[in-house]
Amino acid sequence: MSENKPENVTVKSGISRRTLMKTSTLAGLAIAAGGVSLPFSRKALADAVTPQLKSSEESVVWGACSVNCGSRCALRLHVRDNEVYWVETDNTGHDEYGDHQVRACLRGRSIRRRMNHPERLNYPMKRVGKRGEGKFKRISWEEAFDEIANNLKRIVAKYGNEAVYINYTSGVVGGNITRSSPYASLVARLMNCYGGFLSHYGTYIHS
């Protein structure tokens with residue numbers, strides 16, 4: 001006859017029976033969904049499934065949103081093992097005038113999916129096939145800078161500065177290089193010093 005043990009009895013590993021059952025259920029669901037392509041890393045998924053088994057040090061650092069609106073809302077990035085696993089908005093202060101919170105939208109708070117995406121570019125790539133073929137090779141940063149500088153000099157020498165166009169936005173208009181406006185950016189300042197560039201006319205927004 002087995003003894004009746006309380007539900008929260010601790011097993012040998014130091015995890016309660018309730019936690020063990022909950023973790024096992026979540027792990028099973030994760031395995032069942034293993035064939036689904038998720039927009040974040042498998043490591044982040046594993047961390048979300050078994051947070052009780054983690055003992056690594058965690059830290060919270062401040063960051064900023066870099067999506068297209070350009071507002072660069074403050075983000076609190078929770079980091080574990082040098083990877084962002086959770087993003088929350090500004091929750092400091094008393095959220096009153098003079099001590100208000102800069103709350104990021106859901107798009108900004110989902111930035112970790114872009115940061116941890118397996119197809120994110122982390123180094124320069126040079127096209128080696130025909131345009132549209134999708135064939136690229138990895139090159140060094142020095143090679144990338146040389147490619148950009150040499151082509152810029154060639155184009156300006158042959159066609160003039162009117163042939164250099166700075167697009168209004170590229171998906172990260174609120175980033176550090178472009179700032180919240182491409183015309184207040186370091187790139188625009190550089191091109192102004194190099195003789196000017198072609199700007200857009202009107203707006204790209206359609207009703």
Do [X] and [Y] land in one hydrophobic cluster if side-chain heavy atoms of ILVMFWY residues count as linked below 4.5 Å?
| X | Y | answer |
| --- | --- | --- |
| Val87 | Val60 | no |
| Trp86 | Leu106 | no |
| Val187 | Val164 | yes |

Practice problem: From the options Thr89, Val102, Leu75, select the one residue that forms a side-chain contact (heavy atoms from CB on, under 4.5 Å) with Cys65. | Solution: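 Exactly one candidate clears the test, Leu75.
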
Determine the minimum heavy-atom distance between [X] and [Y], stating which atoms define it.
| X | Y | answer |
| --- | --- | --- |
| Asp90 | Arg103 | O-CG, 4.2 Å |
| Asn151 | Glu147 | ND2-O, 2.9 Å |
| Tyr159 | Ala163 | CB-CB, 3.6 Å |
| Val79 | Val84 | CG2-CG2, 4.1 Å |
| Ser110 | Arg107 | OG-O, 2.8 Å |
| Tyr123 | Trp141 | CA-CZ2, 4.2 Å |

Let me confirm one number: the [atom1]-[atom2] distance from [X] to [Y], rounded to the nearest 0.5 Å.
| X | Y | atom1 | atom2 | value |
| --- | --- | --- | --- | --- |
| His94 | Gln101 | NE2 | CD | 10.0 Å |
| Arg112 | Leu77 | CZ | CG | 11.5 Å |
| Met191 | Leu152 | CE | CG | 5.0 Å |
| Ile155 | Asn150 | CD1 | CG | 11.0 Å |
| Lys135 | Arg127 | NZ | CZ | 11.5 Å |

Do [X] and [Y] have side chains that approach each other closer than 4.5 Å (heavy atoms only, starting at C-beta)?
| X | Y | value |
| --- | --- | --- |
| Arg76 | Trp62 | yes |
| Tyr194 | Lys153 | yes |
| Arg120 | Met115 | yes |

Quiz item: Any luck finding a side-chain donor-acceptor pair between His78 and Glu58 under 3.5 Å?
Solution: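 Not at all, the side chains of His78 and Glu58 share no donor-acceptor pair under 3.5 Å.
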
Quiz item: Quick one: do the Arg189 and Asn192 side chains pair a donor with an acceptor below 3.5 Å?
Solution: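 There is no such pair (donor and acceptor under 3.5 Å, judged by atom type) between the side chains of Arg189 and Asn192.
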
Practice problem: Please say whether more than 12 non-hydrogen atoms of neighbouring residues, nucleotides or ligands are located less than 6.0 Å from CG in Asn82. | Solution: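 No - once you tally the heavy atoms of other residues, nucleotides and ligands closer than 6.0 Å, there are 12 at most.
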
